Amino acid sequence: MFDIFSLVKTKDLLGLKELTADDINEILELSAEMKQLLLSGHKKSSRMAGKNVAHAFYEPSTRTAVSFDEAAKILGAVSCGMSVANSAAANKGENLMDTAKVLSAMKFDVIVIRHQSAGAPHFIAKHVKSSIVNAGDGRNEHPTQALLDMLTIKEKFGTLKGLKVAIVGDVKNSRVARSNIYGLSKMGAEIRIACPDTLLFSGSEDMEKNYSVKFFTNAEDAVRDADVVMALRLQLERMSGGLIPSIAEYHALYGVDERLMSFAKKGALVMHPGPVNRGIELATSVMDSERSLIDEQVTSGVAVRMAVLTLLTGCKEVRS
Ligand code: CP
């Protein structure tokens with residue numbers, strides 16, 4: 001019987017680096033079940049009745065914030081968003097830890113947090129009773145994004161094992177890339193990363209030693225024979241400048257368009273975590289094509305977040 005508490009030896013979901021392939025498999029299996037509920041005409045369950053979830057987003061979000069809220073509500077939990085702009089932290093000098101303790105003292109079962117500092121969720125998880133879910137911490141990890149990516153790929157191909165997944169773009173700033181390297185590698189996929197040297201993170205050599213990942217500067221080499229090509233958002237807000245010569249040159253070399261896709265396997269599928277800089281990292285002709293899984297990723301996101309909330313609150317066996 002799966003129990004996320006015993007398997008990951010923690011009450012929290014902080015990253016995929018800490019999870020095993022068995023943990024990931026079990027989350028994906030429950031996510032597939034949740035997706036059926038989401039796609040059914042009756043999007044309602046009492047599985048999490050009596051539980052409550054707080055959402056603290058210190059960085060902007062559409063997909064992650066709304067889907068965690070939707071997930072909690074579909075499952076019958078009380079779902080409360082904290083307005084960071086109006087918070088005591090933003091306006092009265094309260095620190096992150098003290099804000100987290102306030103939410104924990106309000107007896108929230110789960111606190112979902114997105115924060116600009118890598119490690120912020122890990123830090124507060126050690127000090128509060130509530131379960132902490134990392135909804136993106138700086139450049140570190142975005143575990144539920146990688147889980148929803150894996151669910152989407154698995155549903156299309158039936159497996160993750162043996163697939164070639166090319167990830168193209170701003171890897172340096174991407175928590176999505178890191179979580180996908182950990183997750184996909186543990187699930188038996190082969191990851192090829194394409195980015196300019198200036199957008200590569202430090203530690204890539206260790207990554208190649210420890211995970212099934214290879215780094216390329218030439219996007220065509222990375223995409224060759226890929227089953228899936230995932231474009232990453234160019235995170236202009238995290239760049240201090242000068243990392244790429246120009247947007248036009250970046251698009252010519254690393255933009256996922258029909259030309260670049262011609263190096264992938266016939267029928268290869270395209271993904272993007274969103275939000276997309278349309279026409280920069282992804283050409284409109286590809287983004288709006290039949291091979292794009294972007295909408296499917298968003299739907300999978302709700303299902304994965306339903307599964308994660310269910311597991312962390314011990315509601316897996318509750319039927320409705
Ligand atoms: N993919 C993702 O995290 O999107 P949001 O920033 O809209 O949550």
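From a predicted model like this one, the values you see are computed outputs, not experimental measurements. One-based numbering, in listed order, for ligands and for the atoms of each.
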Asker: For side chain to side chain donor-acceptor pair (under 3.5 Å), just list the numbers for Thr299 and Lys35, CA-CA rounded to whole Å, side-chain angles, deciding distance to a tenth of an Å, and then say yes or no.
Answerer: CA-CA 8 Å; Thr299 307; Lys35 199 158 172 182; 5.9 Å; no
Asker: Between Asp149 and Gln145, do the side chains contain a donor N or O and an acceptor N or O under 3.5 Å apart?
Answerer: yes
Asker: With a cut-off of 4.0 Å, which atoms of ligand 1 are near a heavy atom of Thr62?
Answerer: 5 (P), 7 (O), 8 (O)
Asker: Closer than 4.0 Å to some heavy atom of Gln145 - which atoms of ligand 1 meet that?
Answerer: 1 (N), 2 (C)
Asker: For the residue pair Arg139 and Phe201, would you count it as a cation-pi contact if the rule is NZ or CZ under 6.0 angstrom from the ring centre and within 45 degrees of the ring axis?
Answerer: no
Asker: Side chains of Thr99 and Glu94: do they bring a donor and an acceptor to under 3.5 Å?
Answerer: yes
Asker: Has ligand 1 got any nitrogen or oxygen that is less than 3.5 angstrom from a nitrogen or oxygen of Ala65?
Answerer: no
Asker: I'd like the name of whichever of His142, Arg63, Arg114, Arg233 reaches closest to atom 4 (O) of ligand 1 through any heavy atom.
Answerer: Arg63
Asker: Identify the protein heavy atom lying closest to atom 1 (N) of ligand 1, giving its residue, its atom name and the separation to 0.1 Å.
Answerer: Pro273 O, 2.9 Å
Asker: Going by the closest heavy atom to atom 8 (O) of ligand 1, which one wins out of Gly136, Pro275, Pro60, Ser61?
Answerer: Ser61
Asker: Any side-chain donor paired with an acceptor under 3.5 Å for Arg114 and His142?
Answerer: yes
